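Worksheet: the structure to be examined is printed underneath.
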Amino acid sequence: MSAEVMSELEHGASGHGKGIRSRLGSHDHGGAVVASPPAFDVERIRRDFPILERMVRDDRLVYLDNAATTQKPRQVLDTLARYYSDGNANIHRGVYTLSEEATAAYDAARIKVQRFLNARASREIVFTRNSTESINLVAHSFGRRHVGPGDEIVITHMEHHSNIVPWQLLCEQVGAQLRVAPIDDSGTLQLDELERLIGPRTKLVSVVHLSNSLGTINPVREIVAMAKRRDVPVLIDGSQAVYHMPVDVQALDCDFYALTGHKLYGPTGIGVLYGREEWLERMPPYQGGGDMIRSVTFEKTTYADLPHKFEAGTPHIAGVVGLGAAIDYLQEVGFEAIAPHEADLLAYGTAALSEVKGLRLIGTAAHKASILAFVMKGAHPHDVGTIVDTEGVAVRTGHHCTQPVMYRFGVPATARASVAMYNTRAEIDALVRALERVREMFPV
């Protein structure tokens, strides 16, 4: 992912700090030299992640499953430990010191997320469990209020199940129709077909920002503009995008943006829904319970102001505080330092894997990031994953919650290596060596 692609597709960041810099060398794969990025001290970054010191089957862990979840820096782990050991209390209810401190930390984290996404106001930031719940919130609350019989929801062929199934459920419940924009053989969205599907009955376009199984970066600004010309709101699933590139929801002009904390170097069980205020104000609550109400009688309940209307019950307080710490860490390193390093790993990995006999990459879009998905002739992806694990290399195998993508490419599953800021070229080399062992066991 080049700086030019970032600028074109991701529309700038707000408030990202200086990067940590050093220098990496280039490496030759079969005569094709892949240029190194300038100045990134990856070894310093790696020291912040204790789990990367772990040994697996007598080898140092090579963790290449970042699209499933990233590892957590010491700064996030320490924040979680401090919260539980020194500041644990429920929020918004207590007048004692611990409760007030926990409330302040929780509210401060919401402002960090607002600034991270460049939302207009913190009331546009709703905390959920993950991206899946964020999308379900919109399907339930927006969908049941604004989608009816004969209406249409437009998605793409590369969506995660969490951006398919909620819309299928909604369509079944209200009598609407799901329309799907195709992708080509490289895994690139066919924009002209997407535009053709947006019609007078379209009530929402919901599209992934960065595909978890192909790595494709969709031109989301162009997609939003395309939909807005027809007065159609847009939801963007940013689960994979937000830890690789800056996201500015105002520049995107999207109506909803979903993300999950555990891919953002933060805790599991915490997610975010950005929603444009005018939509959130018109949407009914997603769940009922404590803290989302203004008053309750047996005759009538009135609801709290945004964003609390959508946050029923005791939230994942530690998760929110930990997410704030993860955002602090990511901004300290800086996308301007991270992006060239990850782009180098993607280019280096693409070149290296392309030399493995009988290996076919799945997902070769011109604009992509972080994902190296592949199949190996004669070996099932599950066998690939099991064998490389004996070398201490962790990759994901399966359909990656994108079964329609697998059907599109005529494969039952893929093996997927996915990189993050702490990965190195040496780890790509370790993957290639492990794949050579696969090839020895499954010769072609």
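Values below: every heavy atom of this structure, side chains too, minus hydrogens, waters and symmetry copies. Index from 1, following the sequence. This one's a predicted model, so the numbers in the text were calculated from it and none came from an experiment.
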Kindly indicate, with the supporting measurements, whether the criterion side chain to side chain contact (heavy atoms under 4.5 Å, CB included) is fulfilled by M158 and N218. CA-CA 10 Å; M158 69 179 75; N218 280 320; 3.4 Å; yes
Between H400 and T402, do the side chains contain a donor N or O and an acceptor N or O under 3.5 Å apart? no
Taking the side chain as C-beta and beyond, is there a heavy-atom pair between P284 and Y303 under 4.5 Å? no
Search all heavy atoms of L191 against all heavy atoms of P219 and return the closest pair with its distance. CD1-CG, 3.7 Å
If you apply the rule ring pair (Phe, Tyr, Trp, His ring centres under 6.0 Å), what do you find for Y63 with F49, and how did you get there? CA-CA 11 Å; Y63 185 77; F49 293 82; over 10 Å; no
Donor + acceptor pair across side chains of T202, R179 (<3.5 Å): no
Please examine the side chains of N212 and S239, heavy atoms only from C-beta on, and report whether any two atoms are closer than 4.5 Å. no
Is it the case that H92 and D291 place a side-chain donor and acceptor less than 3.5 Å from each other? yes
Can you tell me how far apart CD1 (I236) and CG (L259) are? Round to the nearest 0.5 Å. 11.5 Å
Min side-chain heavy-atom separation R115-Q331 under 4.5 Å: no
Check: H160 main-chain N/O paired with N163 side-chain donor or acceptor under 3.5 Å: no
Would you please say whether a donor-acceptor pair under 3.5 Å links the side chains of Y422 and N66? yes
In Å and rounded to the nearest 0.5 Å, what is the CG to CD distance from L435 to E355? 12.5 Å
Between F298 and K300, does the side chain to side chain contact (heavy atoms under 4.5 Å, CB included) criterion hold? Intermediate values first, please. CA-CA 6 Å; F298 287 118; K300 183 177 178 59; over 6 Å; no
Salt-bridge criterion met for R221 and D248 (N-O under 4.0 Å): no
Min side-chain heavy-atom separation T424-Y348 under 4.5 Å: no
Are any side-chain N or O atoms of D255 and backbone N or O atoms of V234, one a donor and one an acceptor, separated by less than 3.5 Å? yes
Before you tell me yes or no, could you show the steps for R144 and L170 under side chain to side chain contact (heavy atoms under 4.5 Å, CB included), namely the whole-Å CA-CA distance, both residues' side-chain angles and the distance that decides it to 0.1 Å? CA-CA 8 Å; R144 294 191 180 182; L170 174 66; 4.2 Å; yes
Residue R110 excluded, over 12 heavy atoms near CZ under 6.0 Å: yes
Per side chain to side chain donor-acceptor pair (under 3.5 Å), S134 is matched among T260, T128, D237 by T128
In this structure, are over 12 heavy atoms from other groups packed under 6.0 Å from R93 atom CZ? yes
Electrostatic pair R408-D185, nearest N-O below 4.0 angstrom: yes
What heavy-atom pair brings M283 and S141 nearest, and what distance separates the two atoms? CB-OG, 3.2 Å
Tell me whether the rings of F256 and F142 are parallel (<30°), tilted (30 to 60°) or perpendicular (>60°). perpendicular
Spell out, as yes or no, whether a donor-acceptor pair under 3.5 Å connects the side chain of Q240 to the backbone of A67. yes
Side chain to side chain contact (heavy atoms under 4.5 Å, CB included) evaluation trace for F409 with T414: CA-CA 10 Å; F409 286 92; T414 66; over 6 Å; no
Distance in Å, T301 OG1 paired with R294 CZ, rounded so as to fall on 0.5 Å steps: 12.0 Å
Please tell me whether T156 and E159 have a donor and an acceptor in their side chains that are separated by less than 3.5 angstrom. yes
Can you give me the closest heavy-atom contact between V384 and A415, atom names plus distance? CG1-CB, 4.1 Å
E277 with R120: basic N within carboxylate O range, under 4.0 Å: no
Between the main-chain N or O of T132 and the side-chain N or O of N136, is there a donor-acceptor pair closer than 3.5 Å? yes
Any donor-acceptor pair under 3.5 Å from K72 side chain to H262 backbone: yes
Please round to the nearest 0.5 Å and tell me the distance separating atom CD1 of I164 and atom CD1 of I155. 5.0 Å
Can you give me the closest heavy-atom contact between L264 and L330, atom names plus distance? CD1-CD2, 3.6 Å
Could you check whether any side-chain N or O of K377 sits under 3.5 Å from a backbone N or O of L359, counting only pairs where one atom can act as donor and the other as acceptor? no
Side-chain touch R82/T79, heavy atoms, less than 4.5 angstrom: yes
Look up atom CG in D192 and atom CE in M226, then write down how far apart they are to the nearest 0.5 Å. 8.5 Å
Taking it one step at a time, do R416 and D65 satisfy salt bridge (Lys or Arg N to Asp or Glu O under 4.0 Å)? CA-CA 7 Å; R416 183 190 68 190; D65 192 21; 3.3 Å; yes
Testing L235, L178, V154 for side-chain contact (heavy atoms from CB on, under 4.5 Å) with S206, which one passes? L235
Polar side-chain atom of K357 near backbone of V444 as donor-acceptor pair, under 3.5 Å: yes
Please determine, by modelled atom types, if S418 and S370 share a side-chain donor-acceptor pair under 3.5 angstrom. no
If we check side-chain contact (heavy atoms from CB on, under 4.5 Å) with L431, which of these qualifies: N423, L64, L372? L64
Would you say the side chain of W167 lies within less than 4.5 Å of the side chain of V138, judging by non-hydrogen atoms? yes
For the side chain of H367 and the backbone of I217, is there at least one donor-acceptor N/O pair under 3.5 Å apart? no
How long is the gap from CZ on R230 to CD1 on I198, to the nearest 0.5 Å? 5.5 Å
List the atom of N88, the atom of Y84, and the distance in Å for their closest heavy-atom pair. CB-O, 3.9 Å
Strictly distance-based, threshold 3.5 Å: is any side-chain N or O of K368 a donor or acceptor partner for the main-chain N or O of L346? no
Check for a donor-acceptor pair, side chain of T216 on one end and backbone N or O of S211 on the other, with a separation under 3.5 Å. no
Are E133 and S162 packed together at the side-chain level, in the sense that at least one heavy-atom pair is separated by less than 4.5 angstrom? no
Short N-O contact, R123 and E281, less than 4.0 angstrom: no
Work out which heavy atom in Y265 is nearest to a heavy atom in P73; give both atom names and the distance. O-CD, 3.5 Å
Would you say that M292 contacts E311 through its side chain, given a criterion of any heavy-atom pair below 4.5 Å between the two side chains? no
Modelled atom types, side-chain donor and acceptor of H209 and Y257, under 3.5 Å: yes
